[in-house]
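First up is the structure itself, then whatever we jot down about it.
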Amino acid sequence: MNDTDCVEVLLDVPLQGTFTYRLATPLPVGTRVRVNFGGRELCGVIANGMNGPAPGVKLKPVAEAYTALPPLPGSLLRMAAFAARYYHHPAGAALFTALPTLLRQPRDVAPPDRRPWRLTEAGRLAPPPPRQRARLALWQALAGSPQEDDALRAVSPQAARVLAEWAGQGLAERFDAPREVKAADGLPELTGEQAAAVDAVAASLGRYQAWLLQGVTGSGKTEVYLRLIARVLAEGRQALVVVPEISLTPQLIERFARRFAGARIACLHSHLADGERLEAWVDAWQGRADIVIGTRLSVFTPLPRLALIVVDEEHDASLKQHDGLRYHARDLAVWRAHDAGVPVLLGSATPSLESVANADAGRYRRLALTRRAHAAARLPAVRLIDTRRAELTDGLSAPVVDALSGALARRELSLVYINRRGYAPVLACPQCGWTSGCPHCSARQVVHLQARVLRCHHCGDTEPLPRACPDCGNADIRPLGEGTQRLESALGALLPKARILRIDRDTTARKDAWDAVYRRVSAGEVDILVGTQMLAKGHDFGALSLVVALGCDGGLYSADFRAGERLFSTLMQVAGRAGRAGVAGEVLVQTQWPDHPLYQALARHDFDGYAETLLAERREAGFPPSAHQALVRADAPDGAAAAAFLQGLLALVADDPAVRVFGPAPALMARLAGRERAQLVIECTERARLHAWLSAAEPVLARLGREAGRALRWSIDVDPLEL
DNA sequence: AGCACGCCGACT
DNA sequence: GTCGGCGTGCTC
C-alpha cells in the first residue's frame with residue numbers, strides 16, 4: 001500500500017499514539033473525521049506525521065470527513081501535543097479535552113451563522129417589484145444598512161426564506177461586520193505603578209515575554225489588564241483572559257463589557273450549554289470574538305490574532321485540572337504565549353512560589369503594584385488574638401465579638417471567614433471516643449444541623465444525624481469545632497440585632513443565589529457576612545471595615561507542604577477585603593500560634609518576606625519549586641493491590657540516580673469513596689530526567705494496568721498540587 | 001473508555 | 001433449553 005493512502009488519526013481513547021486509516025483523497029491536518037474503531041463510530045482528527053500502521057494490521061478506511069467547519073488550526077494541535085507530552089497523557093485524549101463537547105462527537109456540526117446580512121452589488125441594483133411588499137421591505141431595510149437576523153425577522157416573518165434565496169442568487173450575503181470598540185470615557189486615572197506596568201507590558205507586545213504582576217488587593221490589577229487589552233483591540237488583535245472558576249463572576253464580565261462596548265466578548269465557563277460553548281469557541285477561532293474570558297479550559301481556545309494572554313489569580317489551585325489531562329492553565333498559557341510569540345501577564349496579590357522562583361530566575365519579569373488605587377485606602381491593621389489566653393464562646397473570643405459589635409454599632413459591614421462549612425466538622429461521643437468517620441473515606445463526616453445529617457465533604461455520603469452514639473448508646477453526643485452554620489447561629493445569639501448572611505457552597509448552590517447576595521449587600525441589608533473562602537475571592541462587597549479569620553491554624557503544621565503557602569495566600573486575600581475605598585480596615589485573626597512567622601508576616605503585609613522564607617524551606621527540603629515532582633497514583637478497593645501495582649512498576653523502571661522515588665505510600669487522603677489510594681512521588685531537579693523516567697514508566701504502567709484488571713485505576717500527575 | 005466475546009444462574 | 005450477568009481483552 002502506498003504511504004499517501006494512509007493517515008494518522010487522533011482518537012479520544014485512553015491509548016497511546018495515533019491510529020492509521022486508509023484514505024482515498026488527501027485531507028488537511030486538523031480535519032475532523034468519522035472512523036470505525038473497535039466496532040464503534042468515533043470522531044477522529046487527522047494528525048500531523050506518519051507512524052505507519054502496526055505490521056499485520058488491516059487498515060480500515062476513514063468513513064467520512066466533516067467539513068462544516070475548517071480543519072482545526074495547527075496552533076491548537078501543537079498545544080494539545082505539548083500538553084500530552086508534558087502531562088504524560090495520551091495524545092488523542094489530550095486533544096479532545098481541548099475541544100468543545102459537540103466537536104468531540106462523530107457528527108458534523110457548526111454553530112448557526114449569526115453574522116449580519118447586507119446586499120451585494122448585484123442585490124443593490126435589483127430592488128423587488130413594489131407588489132412583493134415583504135421582499136421590498138426587506139430590501140429597503142438592507143439598502144439602508146446591514147441587518148441582523150432578529151431585525152429582519154421583525155420586518156417580515158419570511159425573512160429567513162427570502163434571504164436564503166437571495167444568498168443563492170448572489171443578491172445578499174452575510175459578512176463579518178467590522179467591530180468598533182468604543183473607547184470608554186471617564187477612565188480612572190492610573191497610579192504611577194499601574195502606568196509603569198501598562199507601559200512595560202505594552203512595549204513587549206509582538207514578542208514572547210512572561211510578566212508577573214504582583215499587586216496587593218485593591219491595587220487595580222484588573223485596570224492594568226483592561227488598559228492593555230484596549231491596546232490590543234485597537235490593533236485589531238485578540239486577547240485571552242484566564243481566571244479561576246470562582247472569579248468568573250457576572251461582575252467581572254460586566255466590567256469588561258462596559259469597558260469594551262462594541263467588542264465581542266466570548267465567555268467560556270462550565271455552566272454554558274454545549275451549543276453556546278461551541279458558538280463562543282468558534283467565534284474566537286474564526287476571529288469574530290475580540291476577547292475570550294474563561295476558566296482553565298479556555299486556555300485552549302484557538303485565536304488567530306492572539307496578541308496577549310492574561311492569567312488572573314495565577315496562584316489559584318482551580319487553574320489545575322484534577323482528572324484526565326491534569327494540566328495547569330497558567331503553565332500552558334506561558335507555553336502558548338511562547339509558541340505564539342506574545343506576552344503573557346500573570347497577575348496575583350500572592351503569586352505562587354513557582355512563579356516567584358521563575359521571576360527570581362529571570363524567566364519572568366516582575367511588575368509590582370504596592371499601593372492601593374484609591375489614594376485614601378490604607379492597608380488594614382492586622383491584630384492577632386491569642387486563643388490560648390482567651391475564653392471562647394462557640395469558637396469566638398471576646399475581642400472578636402467586641403469588634404463585631406463595634407462595627408455593627410457604626411453600621412459597617414463585617415466579614416467572618418472560616419474555612420469550614422456545615423455546623424461542626426465532626427460529631428463525637430465524649431464517653432467512648434467515637435467520632436463520625438466516613439465509611440468510605442479517611443475523613444470525618446461533617447455535622448449539618450439544618451439538614452439534620454452527617455455528610456462527607458469528600459465523597460458526598462450522607463447519613464441521618466444519630467440521636468445517640470452508635471457505639472455505646474450515649475445520648476450526649478456533641479458536635480466538635482465550628483463551621484459556618486454554627487458560627488452563624490452563635491453570632492445570631494451574641495449579636496441579636498445583627499443581620500447575618502452566610503455564604504458557602506450550601507447557600508450558593510442555587511444558580512441565582514449570588515444575585516440575591518449582591519442585592520442584599522448593596523442594599524445595606526447585611527451587617528455580617530459569614531463564610532468560607534468563597535468570600536475571599538473574586539467577589540467585591542464594597543467597603544468592609546472588619547475582617548475576622550477563624551480556625552486557620554490547621555494550615556500551619558499540615559502534612560501537605562503547600563498548606564502554609566495556601567493559608568498565607570487566602571489570609572492575604574481575605575484581609576485585603578478590609579479597608580477598601582477610604583474606610584480604614586481592621587483584620588482580626590484568632591490563633592493559638594500568634595508568634596508563628598506566617599501570622600507575623602501577615603501582620604506586616606509582607607508577602608515577599610514570607611515567600612522567601614517558604615522558598616528557603618522548600619530548597620532545604622528539596623521540594624518544588626526547587627525540585628520538580630510528579631505523582632504516579634493507583635487506587636483500588638484493595639489497598640494492597642494498589643501498593644503492589646506501584647511496587648511492580650518500580651521493579652521494572654530503570655533507576656536514575658538523579659531521580660528520587662518515594663513510596664509506594666498511602667495518599668494524604670488514603671481512602672476516598674471506598675477506594676484505597678497509593679502513590680509514588682517522583683522528584684528530580686532536572687525536568688528532562690523526570691520526564692524521561694515517566695516516559696519509561698508509561699508503557700510499563702499500561703501493561704501492568706491491563707494485567708491488574710479493571711478494579712485498579714492509575715494516573716500520572718505532573719506538577720501535582722496535592723499529594 | 002466502550003464494546004465484543006465468553007462462560008454460569010433464573011425465566012418463557 | 002435461552003436471556004443475560006459482568007469478567008477479560010482488544011481496538012488502526
Side-chain angles (χ1 to χ4, degrees), chain A residues 1-66 71-72 77 80-81 83-84 87-107 274 297 321-327 632-638 640-642 644-645 648 673-675 677 698-717:
Chain A
M1 182 177 305
N2 195 316
D3 269 5
T4 56
D5 299 332
C6 309
V7 276
E8 297 300 310
V9 176
L10 291 153
L11 296 172
D12 193 6
V13 289
L15 299 171
Q16 217 45 250
T18 55
F19 296 87
T20 315
Y21 283 83
R22 266 187 306 113
L23 186 62
T25 48
L27 286 174
V29 168
T31 304
R32 293 197 320 122
V33 295
R34 178 168 61 85
V35 293
N36 186 289
F37 183 76
R40 63 206 158 113
E41 295 296 301
L42 287 185
C43 175
V45 173
I46 306 284
N48 212 339
M50 270 291 308
N51 294 337
V57 179
K58 203 164 98 221
L59 295 189
K60 293 182 179 177
V62 168
E64 183 185 1
Y66 298 133
L72 300 171
L77 301 180
Y87 293 105
H88 294 268
H89 200 68
L95 174 60
F96 277 79
T97 48
L99 298 181
T101 328
L102 288 173
L103 294 185
R104 296 181 207 168
Q105 276 145 29
R107 271 189 297 129
D274 290 348
L297 210 73
Q321 174 111 333
H322 283 296
D323 49 21
L325 176 70
R326 297 170 143 82
Y327 65 96
V632 181
R633 293 199 178 85
D635 63 88
D638 169 22
F645 169 81
R675 301 178 65 85
R677 311 160 80 217
E698 265 181 283
V700 183
L701 277 164
R703 186 166 57 77
L704 293 183
R706 247 194 329 272
E707 287 165 7
R710 294 236 191 289
L712 186 131
R713 289 192 308 231
W714 61 269
S715 63
I716 295 177
D717 190 349

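First the proteins, then the strands, lettered A, B, ... as listed; each starts at 1.
With hydrogens and angles ignored, the 3.5 Å screen pairs no side-chain donor or acceptor of Arg677(A) with any backbone N or O of Ala642(A). Counting only distance, with no hydrogens or angles, the side chain of Arg675(A) and the backbone of Asp635(A) share a donor-acceptor pair below 3.5 Å. Looking only at distances, no side-chain donor or acceptor of Arg703(A) sits under 3.5 Å from a matching main-chain atom of Pro699(A). In this structure, the side chain of Tyr66(A) engages the main chain of Pro106(A) through a donor-acceptor pair within 3.5 Å.
Atom OG1 of Thr18(A) sits about 6.5 Å away from atom CG of Leu10(A), to the nearest 0.5 Å.
The separation between Phe19(A) atom CZ and dC10(C) atom P is 14 Å, rounded to whole Å. In this entry the distance linking CZ of Arg706(A) with C1' of dT11(C) reads 11 Å, nearest Å. The CZ-P distance, from Phe37(A) to dT11(C), rounds to 8 Å in whole Å. Atoms CZ (Arg703(A)) and C1' (dT8(C)) sit 17 Å apart, rounded to a whole Å. At whole-Å resolution of the value, CD in Gln16(A) and P in dT11(C) are 16 Å apart. Protein atom CD1 of Ile46(A) is 15 Å distant from nucleotide atom P of dC12(C), rounded to whole Å. Atom C1' of nucleotide dC12(C) and atom CG of Asn36(A) are separated by 10 Å, given to the nearest angstrom. Whole-Å rounding puts the Arg34(A) CZ to dC12(C) P distance at 15 Å.
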(request) Take Arg104(A) and Asp12(A), measure what salt bridge (Lys or Arg N to Asp or Glu O under 4.0 Å) needs, and give me the verdict at the end. (result) CA-CA 8 Å; Arg104(A) 296 181 207 168; Asp12(A) 193 6; 5.6 Å; no
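Counting any heavy atom pair closer than 4.0 Å across all strands shown, Leu15(A) reaches a base atom.
Protein chain A contacts DNA chain B from dA1(B) to dC3(B), reading 5' to 3' and using non-hydrogen atoms of the protein with a distance under 4.0 Å.
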